[in-house]
Asker: 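Just dropping this structure here.
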Amino acid sequence: MTGEKEEFIPVEQGKVKMYVCGITAYDVCHLGHARSAIVFDIIRRYLKYRGYDVTMVKNITDIDDKIIKRANEENVSTEEIARRYTEEYYRDMERLGVERADIEPKATEHINEMIEMIKGLIDRGYAYTVDGDVYFEVGKFPEYGKLSKKNTDELMAGARVEVDEKKRSPLDFALWKSSKEGEPSWDSLWGPGRPGWHIECSAMSMKYLGEGFDIHGGGADLIFPHHENEIAQSEAYTGKTFVRYWIHNGFITVDKEKMSKSLGNFFTIKEILDRYDPEVVRYFLLTTHYRSPIEFSDRQLNEAEASIDRYYSTMMRINDFIKTQDTKERLVGAEGLEGMLSSFKEKFLDAMDDDFNTALALGHIFELIREINRFLDSRPSGQKAREYLIRAKDLLSEVGGVLNILNRTPEQWYRSLMRVKGVAISEEELQRRIAERQEARKAKDWETADRIRRELDEMGIILEDKRDGTTWRVRVG
RNA sequence: GGCGGCGUACCCAAGUGGCUAAGGGAGAGGUCUGCAAAACCUUUAUCCGCCGGUUCGAAUCCGGCCGCCGCCUCCA
């Protein structure tokens, strides 16, 4: 609300109640929706990791003008449209690895709560009825604009909305819309109609989280008017502070412009996931702070892929090393790793505690990765060395679990890459060729060995000869 | 027009008063290797859009300018 970072103090100690604006089920989701979903998924995971008992509510708007429009275009019911795109949404989220919220209420299942609230607003003099419509009277709520830092005079002056004659002021917004012939409707004290968009979030968040709760999130484009309206109607209704902390994620841009439905410059989640592993998308979104805009491009995704690959290559080295049986203790220059191991966790927490600075947290992860590689390059051996690496691995998987990235095995990663990149060779065949090449190498038949390596390279497989065998990777980038 | 945000190396990006300006990608040189690849080392911002100011000290605070973007209408 202040527009600045603040210390987080929840309403109830140890508990966090958060509400995130979900989707309107009228079309398939694009990458922008993915960002919001992933950002708040990570915030929730982190708060849980920090020991809070988190309750997250994310709504689904299953009735509104866009849905009605779409239903009319396709000559099907609004329920059909909402059901279809809700299913699509869940499919996308599952593929992206976004966990479901604790409660995912639908607007149409909370009409009574909304009617109750609208009634209360009319009773308290904040809303008025005109021909079956109900409007919130913004002029009655002096604090209007406090979130978006707009003042009502300027809004009036700059209003470029076609003035609805029924409204007392152009700023007033609909709480209830009377329905036209053939539109879905619910009975109310004001006649048949449907709720306005803003009222659902207020009614549902209060129902599940209470009249004042901790965190309310959504895309930055919801600040005005949606969240401003939510504050007005909720605080007018309860007389209490609606939300303590507002969190808004930045946009995804394409050529610097906001990715949006109306500009048509969007990529659907499905399109992206046909070409990239979901982890690449998640990683990519975490490389930039959640509030900043993030420029989408294949180049960026390829870089994200390369970074993840670097991580898993190191993980493979760790795993190989942990399997060694050597008892001869050899540790030279382990100080770097040792120091990193003891400071890593704190650095990670500091980064995340500072407004969920995932980009910085990733930086720390890769510093540790470099230190691990440096250590492994020093040719250590023995139990002590193994213990260091086990500790490193545990730390990495702990934070990887929180960020929901870098938490698979290298094998899973490479298999997935083979699929995504369409590498045309089976693992069995690949192993056979590697064995074949090993024979050639043993016989110092470099020509054959190089030929096999080149052939595999053309298929997108890179071979790496190590001391005790050859490993393969899928080429990325 | 009003309000808000951003401008850090070749690219992406963290850093919002003071140790050597994180990290990733890309490039160059080196170590290792049969040759590679990977990894590691060195290297690529005496400087953080420009100009002024505050301060012992600023990328970081203040003012002005330039450029880009967002919101003000549905939008994650």
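Throughout, protein chains are lettered first and strands after them, A, B, ... in sequence-line order, and every chain is numbered starting at 1. All of these numbers come straight from a predicted model, not from anything done at the bench.
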Asker: Which nucleotide, if any, forms a Watson-Crick or G-U wobble pair with B:C56, using both distances under 3.5 Å?
Answerer: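 Pairing partner: B:G18.
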Asker: Both A:Thr24 and A:Ser292 contact RNA chain B. Taking the nearest nucleotide for each, which residue is further toward the 5' end?
Answerer: A:Ser292
Asker: Could you check whether the side chain of A:Lys258 and the base of B:C75 have a donor-acceptor pair of N or O atoms closer than 3.5 Å, going by distance alone?
Answerer: yes
Asker: Taking donor-acceptor contacts at under 3.5 Å, does the side chain of A:Asn357 reach the base of B:G15?
Answerer: no
Asker: Between the base of B:G23 and the side chain of A:Glu367, is one N or O donor paired with an acceptor at under 3.5 angstrom?
Answerer: no
Asker: Does any N or O donor sit under 3.5 Å from an N or O acceptor when you compare the side chain of A:Arg374 with the base of B:C41?
Answerer: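 Not at all, since no donor on one side and acceptor on the other fall under 3.5 Å apart.
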Asker: Within the structure shown, what part of the strands sits under 4.0 Å from A:Gly250 by heavy-atom distance: base, sugar-phosphate, or nothing?
Answerer: base
Asker: Taking only side-chain N and O atoms of A:Arg310, does any of them lie within less than 4.0 angstrom of OP1 or OP2 on B:C40?
Answerer: yes
Asker: For the side chain of A:Thr288, counting heavy atoms from C-beta on, which of B:G25, B:A13, B:G34 is nearest?
Answerer: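 Of all the options, the side chain of A:Thr288 is nearest to B:A13.
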Asker: Roughly, in whole Å, what's the span from NE2 in A:His227 to C1' in B:A76?
Answerer: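 Computing the A:His227:NE2 to B:A76:C1' distance gives 10 Å.
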Asker: Which residue, A:Arg441 or A:Glu464, contacts RNA chain B at a nucleotide closer to its 5' end, judged by nearest heavy atom?
Answerer: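 Residue closer to the 5' terminus by nearest nucleotide: A:Arg441.
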Asker: Test for a donor-acceptor pair under 3.5 Å between the base of B:C35 and the side chain of A:Asp465, counting only N and O atoms.
Answerer: yes
Asker: Using the rule side-chain hydrogen bond (donor to acceptor under 3.5 Å, both in side chains), only one of A:Asp309, A:Asn373, A:Asn319 pairs with A:Thr314; which is it?
Answerer: A:Asn373
Asker: Aromatic contact between A:His216 and A:Tyr19, with the criterion being ring centroids under 6.0 Å apart: yes or no?
Answerer: yes
Asker: Nearest-Å distance, CD1 (A:Ile461) to P (B:A38)?
Answerer: 15 Å
Asker: Ignoring hydrogens and angles, are the base of B:A76 and the side chain of A:Arg35 linked by a donor-acceptor pair under 3.5 Å?
Answerer: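 Answer no: no donor N or O sits under 3.5 Å from an acceptor.
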Asker: Can you confirm if the aromatic rings of A:Tyr414 and A:Tyr312 lie within a centre distance of less than 6.0 Å?
Answerer: no
Asker: Is A:Arg374 paired with A:Glu371 through a side-chain N to carboxylate O contact shorter than 4.0 Å?
Answerer: yes
Asker: Assess A:Lys258 against A:Phe266: is NZ or CZ under 6.0 Å from the centre of the six-membered ring, and within 45 degrees of the ring's axis?
Answerer: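 Not satisfied by the 6.0 Å and 45° rule.
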Asker: Considering only side-chain heavy atoms of A:Lys150, which listed nucleotide, B:C40, B:C69, B:C72, is closest?
Answerer: B:C72
Asker: Taking the minimum atom-to-atom distance to the side chain of A:Phe366, which one of B:G24, B:A14, B:A39 wins?
Answerer: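 Closest nucleotide among those given: B:G24.
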Asker: Going by centres under 5.5 angstrom and planes under 30 degrees, do the aromatic ring of A:Trp446 and the base ring of B:G34 stack?
Answerer: yes
Asker: Quickly work out the A:His216 NE2 to B:A76 C1' distance and round it to whole Å.
Answerer: 12 Å
Asker: When you get a sec, tell me which of B:G70, B:G24, B:C12 is the closest nucleotide to the side chain of A:Gln300?
Answerer: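 Of the options given, the side chain of A:Gln300 lies nearest B:C12.
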Asker: Output the rounded distance in Å from CG (A:Leu406) to P (B:G24).
Answerer: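 Rounding to the nearest Å, CG of A:Leu406 and P of B:G24 are 13 Å apart.
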Asker: Report the nucleotide, chosen from B:C74, B:G34, B:C40, that has the shortest atom-to-atom distance to any side-chain atom of A:Ser262.
Answerer: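 Selected nucleotide: B:C74.
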Asker: Looking at residues at least two apart in the chain, or sitting in another chain, which of them share a salt bridge (Lys or Arg N to Asp or Glu O under 4.0 Å) with A:Arg100?
Answerer: none
Asker: In whole Å, I'd like the distance from the CD1 atom of A:Ile223 to the P atom of B:G5.
Answerer: 11 Å
Asker: Identify which nucleotide among B:A76, B:A14, B:A36 has an atom closest to any side-chain atom of A:His33, counting heavy atoms from C-beta outward.
Answerer: B:A76
Asker: Counting Watson-Crick and G-U wobble pairs only, both distances under 3.5 Å, name the nucleotide matched with B:C32, or none.
Answerer: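 B:C32 is paired with nothing.
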Asker: Among the candidates B:C75, B:G34, B:G23, find the nucleotide nearest to the side-chain atoms of A:Arg370.
Answerer: B:G23
